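Below: one structure, written as C-alpha cells.
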Amino acid sequence: MWKLEELRVIRSSLSVATMISLFVLIFIIIFSKASLLIVKPIIALEIIGYQTLIVFGLIALSLAVDKVLRIKYEDHQSIILTSITKNESVAVAMATMALSPAASVVPAIILLIQPVLSISYIHLEKEVKKLLGTANS
C-alpha cells in the first residue's frame, strides 16, 4: 500500500514531468520551423503582440464585469489566471493534425508568452484591488 508521503512525491514528480514535456514539445515545434521564424521574425513578434492585446483586452473586460458584479479580488484572480493560462497543447495537437506542422507554431509561441503575461498581471495586485474596491482586504 502506498504511503501518503510517497504519493506526494509522485504527484510533484508528475507535475515536473508534465512541465518538462510541454517545454520539450514547444522546443521541437519552434525549432522544426526555425527557418521560417529566422527568415520572417516579424511573424513571432506579431503573434506575441496580438496575444498580448487579446489577453489584456479580456482582462479589462473581466475587470469591468467583476466590478459591476462586485466580485472579490480573490475570485477575480482565480478566474483570470485560469483563463490566461489555459493549456494550448490541445490547440497545438489539433493544428498539427488538421492542417500541418507549420500551423502549430502559433499555439507554441502563445505558450511562451502566457507565463510572462500571467506574472505581469499578478504584479498589478494593488491596482486591481483598488479598481475592484477591495484595496483594504
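Only heavy atoms go into these numbers, but all of them, side chains included; no hydrogens, no water, no symmetry mates. Note that the structure is predicted; figures quoted are calculated from it, not measured.
Between Y121 and V128 there is a side-chain heavy-atom pair separated by less than 4.5 Å. Between I122 and Q77, some side-chain heavy-atom pair lies under the 4.5 Å cut-off. The shortest distance between side-chain heavy atoms of L63 and K67 does not fall below 4.5 Å.
F56 and I80 fall within the same hydrophobic cluster, defined by Ile, Leu, Val, Met, Phe, Trp and Tyr side-chain heavy atoms under 4.5 Å apart, directly or through other members. I54 and I59 fall into different hydrophobic clusters, where Ile, Leu, Val, Met, Phe, Trp and Tyr are joined by side-chain heavy atoms under 4.5 Å apart, directly or via other members.
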Can I71 and L132 be said to form a side-chain contact (heavy atoms from CB on, under 4.5 Å), step by step? CA-CA 8 Å; I71 293 178; L132 291 175; over 6 Å; no
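Remark: I42 CD1 to I47 CD1 distance equals 10.5 Å, nearest 0.5 Å. Between atom CG of residue L69 and atom CG of residue D75 there is a gap of 11.5 Å, rounded to the nearest 0.5 Å.
Y50 and E46 are not linked by any side-chain donor-acceptor pair at a separation below 3.5 angstrom, with hydrogens and angles left out of the test.
When each of I113, L117, V116 is tested with I48 by the rule side-chain contact (heavy atoms from CB on, under 4.5 Å), just one qualifies, namely I113.
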